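Accompanying notes for the structure given below.
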Amino acid sequence: MKVPVLSYGAGTFGGGNEFFRAWGTTGVEEASRLIDICLDAGVNLIDTADVYSNGLSEEITGKAIAGKRQRLLLSTKATFRFGEGPNNVGSSRYHLIEQLEGSLRRLGTDYVDIYHMHGFDASTPVEETLYTLDGFVRSGKVRYIAASNFSGWHLMKSLAVSERYGWARYVGHQVYYSLAGRDYEWELMPLALDQKVGALVWSPLAWGRLTGKIRRGQPLPEVSRLHKTAENGPQPPQEYLYKVVDAIDEVAKETGKSVPQIALNWLLQRPTVSTLIMGARNEEQLRQNLDAAGWKLTGEQVARLDAASKVARPYPYWHQAQFTERTPLPVAEG
Ligand SMILES: NC(=O)c1ccc[n+]([C@@H]2O[C@H](COP(=O)([O-])OP(=O)(O)OC[C@H]3O[C@@H](n4cnc5c(N)ncnc54)[C@H](OP(=O)(O)O)[C@@H]3O)[C@@H](O)[C@H]2O)c1
């Protein structure tokens with residue numbers, strides 16, 4: 001299945017609690033309009049999750065796509081806690097069946113195109129999770145399965161189990177990756193290359209930081225989800241973030257593109273990246289981000305951005321970087 005290079009994240013739909021209200025409060029009418037804008041631009045993949053605003057994001061997505069389902073690919077997720085009680089969490093057969101049925105109902109559809117395990121559940125046997133997911137695929141309720149936020153060994157063990165039993169395998173990995181957070185490159189990118197698992201990149205603007213509104217000596221704008229959410233996502237060190245933004249600013253001036261467009265275009269050129277899940281709380285942000293595709297930063301500009309965002313590798317990656325003759329790095333370090 002082909003996915004568009006840019007897709008749209010519905011985390012901003014609903015605003016059902018304080019955390020998600022800071023992301024956005026997009027309702028059905030606005031969501032429907034934003035999705036139409038996406039469709040006009042060829043962006044036909046919408047990503048949501050059961051836990052986004054406690055199901056409200058899925059509900060709004062479902063209403064907003066009424067009559068458009070066949071033109072769209074829908075991605076959602078399960079695993080994280082969805083309510084009280086010992087069984088309302090995880091990737092057990094019990095919880096996944098409950099959650100898939102709930103997601104289908106809220107989305108108003110009878111199938112999900114990409115079903116993600118939102119995180120790894122170390123308390124449920126991997127066999128139980130994958131057997132259940134294989135059943136979903138065979139029933140037609142799920143088209144493809146994907147992981148999210150897995151460690152290398154979580155994903156590799158899961159792929160090995162799928163292969164051992166001939167079950168559906170994870171074809172995608174929804175990962176955090178941005179110009180201000182390149183940890184994905186150390187373990188997960190080489191794994192994705194080797195195992196042919198496509199990356200669906202979440203928070204490509206570093207959790208709403210590479211927006212042009214955050215730079216040295218400038219206070220956070222009044223409207224920014226970071227006032228309420230900064231501690232819940234990736235937290236690049238301040239000085240490092242400023243250094244990366246300085247480099248993006250320089251390239252933005254040269255190209256006439258905006259900071260988010262540069263940050264997104266850099267990601268589009270990275271190996272294994274299948275799609276960037278854009279966040280946009282309104283039409284203006286969305287239209288700007290849609291223009292991040294269809295052109296290319298030069299190799300020299302990419303190299304400068306690589307250099308500005310380079311960080312020291314943890315072990316064993318610094319050691320492996322000394323033996324690239326047989327273990328080549330997937331991308332230049334800068
Ligand atoms: N699998 C996971 O664990 C996981 C985790 C997080 C997200 N996701 C998915 O990834 C999607 C995107 O995540 P994200 O929202 O964190 O992405 P992001 O691209 O890092 O941040 C988007 C935010 O940046 C600001 N922004 C975006 N475009 C802008 C522009 N052109 N100009 C100025 N500001 C702009 C907006 O926030 P402000 O208006 O507040 O500045 C917007 O909400 C989510 O909706 C969800 O589907 C998945």
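Order of appearance sets the numbers: ligands from 1, and atoms from 1 within every ligand. Since this is a predicted model, take the numbers as computed values, not measurements.
- The protein heavy-atom contact nearest to atom 27 (C) of ligand 1 is G279 O, 3.3 Å.
- Judged as a side chain to side chain donor-acceptor pair (under 3.5 Å), the pairs with a partner in residues 31-40 (not counting sequence neighbours) are, in order, E30-R33, S32-K68, R33-E283, D36-K68.
- In summary, the atoms of ligand 1 found under 4.0 Å from a heavy atom of K213, numbered by their order in the structure, are 33 (C), 34 (N), 38 (P), 39 (O), 41 (O).
- Near N149, with a cut-off below 4.0 Å to any heavy atom, the atoms of ligand 1 are 1 (N), 2 (C), 3 (O).
- Other residues, nucleotides and ligands contribute over 12 non-hydrogen atoms within 6.0 Å of the CD atom of Q218.
- Close placement of the W207 and W23 rings is indicated, their centers lying within 6.0 Å of each other.
- Counting protein heavy atoms only, atom 36 (C) of ligand 1 is closest to Q285 OE1, 3.2 Å.
- Annotation for ligand 1: atoms under 4.0 Å from non-hydrogen atoms of Q288 are 31 (N).
- Distances below 4.0 Å separate heavy atoms of L205 from the following atoms of ligand 1: 18 (P), 19 (O), 20 (O), 27 (C), 28 (N).
- Near K77, with a cut-off below 4.0 Å to any heavy atom, the atoms of ligand 1 are 1 (N).
- Near R281, meaning under 4.0 Å from one of its heavy atoms, ligand 1 places the atoms 38 (P), 39 (O), 40 (O).
- For Y315 and W186, the distance between ring centers is not under 6.0 angstrom.
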With a 3.5 Å cut-off and sequence neighbours excluded, list the donor-acceptor pairs that the side chains of residues 72-80 form with protein atoms.
residue, atom, partner, partner atom, Å
S75, OG, D47, OD1, 2.6
S75, OG, H116, ND1, 3.3
T76, OG1, E58, OE2, 2.5
K77, NZ, D47, OD1, 3.4
K77, NZ, D47, OD2, 2.7
K77, NZ, T48, O, 3.0
K77, NZ, Y52, OH, 3.0
T79, OG1, S91, OG, 2.8

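- For the pair Y176 and ligand 1, no heavy-atom separation below 4.0 Å is found.
- Interface of A10 with ligand 1, defined as ligand atoms under 4.0 Å from a residue heavy atom, comprises 45 (O), 47 (O).
- For Q269 (side chain) and L297 (main-chain N/O), a donor-acceptor pair under 3.5 Å exists by modelled atom type.
- A centroid separation of less than 6.0 Å is found between the aromatic rings of Y170 and F150.
- In summary, the atoms of ligand 1 found under 4.0 Å from a heavy atom of D47, numbered by their order in the structure, are 9 (C), 46 (C), 47 (O).
- When non-hydrogen atoms are compared, ligand 1 lies under 4.0 Å from the backbone of A206 (N, CA, C, O) but not from its side chain.
- At most 12 heavy atoms of other shown residues, nucleotides or ligands fall within 6.0 angstrom of atom CD in E163.
- The closest approach between any non-hydrogen atom of H116 and ligand 1 is not below 4.0 Å.
- For atom 31 (N) of ligand 1, the candidate residues are N289, L286, L290; the nearest heavy-atom contact is made by N289.
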